[in-house]
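Working notes, structure below.
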There are 2 protein chains.
Amino acid sequence: MRPTIHHESLTQRLADSGMRATPQREVVYSVLLTKRDHPTADEVFARVKGELPTISLATVYNCLETLVQCDLVRAVNFERGPTRYCPNLAPHAHFHDVQTGRTHDVELPPGLLDQVKSVLPAGFDANSVEIIFRGKAATPTS
Amino acid sequence: MRPTIHHESLTQRLADSGMRATPQREVVYSVLLTKRDHPTADEVFARVKGELPTISLATVYNCLETLVQCDLVRAVNFERGPTRYCPNLAPHAHFHDVQTGRTHDVELPPGLLDQVKSVLPAGFDANSVEIIFRGKAATPTS
DNA sequence: GAGATAATTAGAATTATTCCAAGATTTTAC
DNA sequence: GTAAAATCTTGGAATAATTCTAATTATCTC
Ligand SMILES: [Mn+2]
Ligand SMILES: [Mn+2]
Ligand SMILES: [Zn+2]
Ligand SMILES: [Zn+2]
């Protein structure tokens, strides 16, 4: 089942930015919410085609861009790899597993980002802080 | 004057990795040390041509890659922009000024990176932490 | 100095993304 | 309700940064 819960908030956010809710935007967003593994645009494209077989890759890029601008999704970059997309709106860092290529969310204790920001010298006004870890993650005992 | 001081350490580092010191590698490195504004490969190319007019862009990419592998230079990425190169070996963060496009080094108090690493859950073993600020930097009173 | 090894080079290829212009859909105005 | 306006989607072309390839040049070993 598609999470209809989010339909309302998506429509609202889009409207706030003067944009329309479309089936393409809804399915792209729903795909991100359903499997939160930080997919690339290509991966989103493949997943969305399950529901909308005629969608184009250009539209997937457009939808992702729109969702990012509405602050419903974060774009995440590792080196020069393809951009990945994350619907987790809580402040968090990313752990890039160099063995598997997988990306993990790392919850941050409240205040940590401010603490990090506090190392900035006078005159530097940051409106975002990004923290990226790179290393090996133990395979969860399954 | 080219900083000859570093010639020795460059040659040594290259030798440690089984590579040779070449005029191209030396000038690329010297260009990075001389103006530490986090130039892109294209910008390095333009600067190096002053001393080695016949160098190719491919060689600049090769040299930069080599310097990064020898741990003499860090590659820095902001979103999907072109990779920038930084010869500052001290642990530091980067501040990306969205107005000017300029990149500033932010020195980090000792222990901060470890403190940030300590938020990682068990099983996550990070061998690098990257911190990127984005915002506006006050123009230094000149 | 000959042969082996490593590095540089020009240009082609690659990859992710953006641009474009045309057509489809939705909204607004009457 | 329809026509015009605005917004979206689409396929394909274009772009930008980087990597690859194969040939040449330079360096090192003997
Ligand atoms: Mn990316
Ligand atoms: Mn980059
Ligand atoms: Zn995330
Ligand atoms: Zn730096």
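Chain letters run A, B, ... following the sequence lines, proteins first, then strands; residues in each count from 1.
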Practice task
Measure from the side chain of B/Gln24, starting at C-beta and using heavy atoms only, and say which of D/dG11, C/dT8, C/dA10 lies closest.
Solution key: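 Between D/dG11, C/dT8, C/dA10, the one nearest the side chain of B/Gln24 would be C/dT8.
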Problem - Selection from D/dT10, C/dT9, D/dA17 that lies nearest to any side-chain heavy atom of A/Arg80 - result: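 In terms of side-chain proximity for A/Arg80, the closest of D/dT10, C/dT9, D/dA17 is D/dA17.
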Handout entry: Sorted by number, the residues of residues 14-22 of chain B with heavy-atom contact under 4.0 Å to DNA chain C
Key =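 Of all residues in residues 14-22 of chain B, the ones placing a heavy atom under 4.0 Å from DNA chain C are B/Met19, B/Arg20, B/Thr22.
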Exercise for the section: Classify the nucleic acid contact of B/Thr40 as base, sugar-phosphate or nothing, counting any heavy atom under 4.0 Å across all strands shown. Expected result: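 Contact class for B/Thr40: none.
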Between atom [atom1] in [X] and atom [atom2] in [N], what is the gap in whole Å?
{"X": "B/Lys49", "N": "C/dA10", "atom1": "NZ", "atom2": "P", "result": "10 Å"}
{"X": "B/Glu65", "N": "D/dA17", "atom1": "CD", "atom2": "C1'", "result": "14 Å"}
{"X": "B/Leu57", "N": "C/dA12", "atom1": "CG", "atom2": "P", "result": "15 Å"}
{"X": "B/Ile55", "N": "D/dT25", "atom1": "CD1", "atom2": "C1'", "result": "14 Å"}
{"X": "A/Phe45", "N": "C/dT15", "atom1": "CZ", "atom2": "P", "result": "17 Å"}
{"X": "B/Leu52", "N": "D/dA26", "atom1": "CG", "atom2": "P", "result": "13 Å"}
{"X": "A/Tyr29", "N": "D/dC8", "atom1": "OH", "atom2": "C1'", "result": "20 Å"}
{"X": "B/Arg25", "N": "C/dT8", "atom1": "CZ", "atom2": "C1'", "result": "10 Å"}

Practice task
Taking the side chain as every heavy atom from C-beta outward, state whether A/His92 and A/Val106 have any atom pair closer than 4.5 Å.
Solution key: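 A side-chain contact is absent here, since even the closest heavy-atom pair is not under 4.5 Å.
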Exercise for the section: Report yes if some heavy atom in the side chain of A/Thr40 is under 4.5 Å from a heavy atom in the side chain of A/Thr83; otherwise report no. Expected result: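 A/Thr40 vs A/Thr83: side chains apart.
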Taking only side-chain N and O atoms of [X], does any of them lie within less than 4.0 angstrom of OP1 or OP2 on [N]?
{"X": "B/Thr59", "N": "C/dT9", "result": "yes"}
{"X": "A/Tyr61", "N": "C/dT17", "result": "yes"}
{"X": "B/Thr83", "N": "D/dT18", "result": "yes"}

Practice task
For a side chain to side chain contact (heavy atoms under 4.5 Å, CB included) with B/Val44, tell me which candidate from B/Val27, B/Val60, B/Ile55 qualifies.
Solution key: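 Answer to the side chain to side chain contact (heavy atoms under 4.5 Å, CB included) test with B/Val44 among B/Val27, B/Val60, B/Ile55: B/Val60.
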Handout entry: Criterion side-chain hydrogen bond (donor to acceptor under 3.5 Å, both in side chains) on B/Asp97 and B/His104, from CA distance to verdict
Key = CA-CA 8 Å; B/Asp97 187 324; B/His104 304 271; 4.5 Å; no
Practice task
Let me know, please, whether B/Ala58 or A/Asn62 comes out on the 5' side of the other along DNA chain C by nearest nucleotide.
Solution key: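 Looking at the nearest nucleotide for each, B/Ala58 comes out on the 5' side.
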Exercise for the section: Could you tell me whether A/Arg102 atom CZ has more than 12 heavy atoms of other residues or ligands within 6.0 Å of it? Expected result: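 Counting neighbours around CZ of A/Arg102, 12 or fewer heavy atoms of other residues, nucleotides or ligands fall under 6.0 Å, so no.
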Problem - Within 6.0 angstrom of A/Lys117 NZ, more than 12 heavy atoms from elsewhere - result: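 Counting neighbours around NZ of A/Lys117, more than 12 heavy atoms of other residues, nucleotides or ligands fall under 6.0 Å, so yes.
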Exercise for the section: Give a yes or no on whether a salt bridge exists between B/Arg47 and B/Asp37, defined as a side-chain N under 4.0 angstrom from a carboxylate O. Expected result: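 So B/Arg47 pairs with B/Asp37 through a salt bridge.
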